[in-house]
Amino acid sequence: MFYEIKLKVEKENSKGEMKEVVEHFITDVGLFAEAEAKGLEQYVGCDVISITRSNVVEIVNEKEEGKPFYKATLIDIFIDDNGNEKETKYYNLVCAKDITEANRLMQEHMRQGLNDMRLDAIQKTKIIDLI
């Protein structure tokens with residue numbers, strides 16, 4: 001299960017001043033306590049300010065330096081027992097240099113057995129790394 005972690009850390013800005021910033025990470029662990037431990041390993045003296053169970057079900061590719069994560073929304077449309085059309089949303093993370101590359105990578109990923117789903121949206125996230 002994926003958890004999203006927000007850490008408050010002190011970083012030096014471009015003017016050489018120390019400033020508190022919030023950094024976002026994602027981790028694949030079984031328990032909140034494990035997610036907290038992973039967060040605390042990132043920086044000495046950081047504060048874990050938030051841990052939430054993520055709605056991300058899959059990370060499509062490896063994180064590459066200098067490329068952000070994008071969150072892709074996939075929709076599965078099905079007919080329920082009463083004959084009504086229903087939608088289920090699934091979320092994937094993809095690392096790409098821009099939205100065009102993210103779209104291309106998601107289209108390739110979907111050709112590997114997700115043909116019955118529709119790519120509904122792609123948006124840049126604040127998540128900076130998988131830990």
Side-chain angles (χ1 to χ4, degrees):
M1 173 168 295
F2 290 106
Y3 290 93
E4 294 183 30
I5 305 164
K6 292 180 187 175
L7 301 176
K8 188 181 286 187
V9 298
E10 290 233 349
K11 291 264 182 144
E12 190 173 326
N13 66 15
S14 59
K15 298 176 185 175
E17 303 166 337
M18 295 305 285
K19 185 145 182 133
E20 277 191 345
V21 296
V22 176
E23 292 190 343
H24 299 242
F25 295 90
I26 192 163
T27 189
D28 186 10
V29 294
L31 301 169
F32 274 84
E34 292 171 317
E36 181 179 31
K38 286 254 188 167
L40 291 171
E41 290 173 1
Q42 294 305 301
Y43 298 99
V44 174
C46 70
D47 288 328
V48 176
I49 59 171
S50 172
I51 299 172
T52 56
R53 197 171 282 130
S54 181
N55 57 11
V56 170
V57 295
E58 184 177 8
I59 298 177
V60 173
N61 59 350
E62 296 285 324
K63 175 72 171 131
E64 294 180 41
E65 189 66 36
K67 291 185 178 183
F69 274 119
Y70 289 84
K71 186 181 277 188
T73 305
L74 302 174
I75 295 183
D76 184 17
I77 300 172
F78 63 95
I79 307 299
D80 70 6
D81 295 337
N82 298 325
N84 299 319
E85 189 174 277
K86 300 283 184 178
E87 289 184 352
T88 302
K89 291 184 179 182
Y90 298 95
Y91 301 93
N92 287 187
L93 280 186
V94 60
C95 180
K97 68 179 177 187
D98 55 27
I99 201 152
T100 303
E101 182 182 28
N103 184 43
R104 182 182 56 76
L105 290 168
M106 283 307 302
Q107 294 296 334
E108 289 173 11
H109 178 68
M110 291 175 66
R111 281 193 285 275
Q112 300 174 19
L114 302 175
N115 296 332
D116 55 337
M117 292 189 175
R118 179 181 87 228
L119 181 59
D120 190 55
I122 297 177
Q123 64 185 29
K124 193 174 181 180
T125 71
K126 292 182 177 181
I127 296 170
I128 60 172
D129 207 354
L130 169 68
I131 55 173

Derivation and outcome, side-chain contact (heavy atoms from CB on, under 4.5 Å), residues Asp120 and Leu74: CA-CA 6 Å; Asp120 190 55; Leu74 302 174; over 6 Å; no

Contact check, side chains of Asp76 and Tyr90, non-hydrogen atoms, under 4.5 Å: yes

More than 12 heavy atoms from other groups under 6.0 Å of NZ on Lys71: yes

Over all atoms of both residues, closest heavy-atom pair of Ile127 and Leu93: CD1-CD1, 4.0 Å

Which atom of Tyr70 lies closest to which atom of Ile122, heavy atoms considered: CB-CG2, 3.8 Å

Spatial distance of atom NZ (Lys19) from atom CD (Glu10) [nearest 0.5 Å]: 11.0 Å

Distance-only polar pair, side chains of Glu4 and Thr52, donor-acceptor under 3.5 Å: no

Any side-chain heavy-atom pair of Glu101 and Asn103 under 4.5 Å: no

Leu130 and Ile59, any side-chain heavy atoms less than 4.5 Å apart: yes

Hydrophobic cluster membership, Phe69 vs Ile99, 4.5 Å side-chain cutoff: no

Cluster check Ile131, Phe2: I/L/V/M/F/W/Y, side chain < 4.5 angstrom: no

Under 3.5 Å donor-acceptor, Asn13 side chain and Lys15 backbone: yes

Pair Glu58-His109, side-chain contact (heavy atoms from CB on, under 4.5 Å): steps then yes or no: CA-CA 11 Å; Glu58 184 177 8; His109 178 68; 3.1 Å; yes

Interatomic distance, Glu85 atom CD to Ile77 atom CD1 [nearest 0.5 angstrom]: 5.0 Å

Euclidean distance, Met117 CE relative to Phe78 CZ, rounded to 0.5 Å: 10.5 Å

Minimum side-chain heavy-atom gap Met1-Arg53 below 4.5 Å: yes

Glu34 side chain vs Leu31 backbone, donor-acceptor pair below 3.5 Å: yes

Check against salt bridge (Lys or Arg N to Asp or Glu O under 4.0 Å), Glu64 and Lys97: CA-CA 9 Å; Glu64 294 180 41; Lys97 68 179 177 187; over 6 Å; no

Any Asp129 side-chain heavy atom under 4.5 Å of Ile26 side chain: no

CD-SG distance between Glu62 and Cys95, expressed to the nearest 0.5 angstrom: 9.5 Å

Close side-chain approach of Pro68 and Thr125, heavy atoms under 4.5 Å: no

Phe25 six-ring centre to Lys38 NZ/CZ under 6.0 Å and within 45° of normal: no

Beyond-backbone contact of Ile79 with Lys86, side-chain heavy atoms, under 4.5 angstrom: no

Spacing of CZ belonging to Arg104 relative to CG belonging to Asp98, to within rounding of 0.5 Å: 9.5 Å

For Ala102 against Val94, the heavy-atom pair lying closest together: CB-CG1, 3.9 Å

N-O pairing of Glu23 and Lys8 below 4.0 Å: no

Chi angles and distances behind the side-chain contact (heavy atoms from CB on, under 4.5 Å) call for Met106, Val60: CA-CA 8 Å; Met106 283 307 302; Val60 173; 3.7 Å; yes

Common cluster, Ile5/Tyr43, ILVMFWY with side-chain heavy-atom separation under 4.5 Å: yes

Hphob cluster co-occupancy, Val21 + Ile128, side-chain heavy atoms under 4.5 angstrom: yes

Considering all heavy atoms, the nearest Ala35-Val29 contact: N-CG2, 3.6 Å

4.5 Å side-chain heavy-atom contact, Leu7 and Asp47: no

Flag if over 12 foreign heavy atoms under 6.0 Å of NZ, Lys6: no

side-chain contact (heavy atoms from CB on, under 4.5 Å) between Ile51 and Glu36, worked out: CA-CA 7 Å; Ile51 299 172; Glu36 181 179 31; 3.6 Å; yes

Gap separating the CG atom of Asp28 from the OH atom of Tyr3, nearest 0.5 angstrom: 10.0 Å

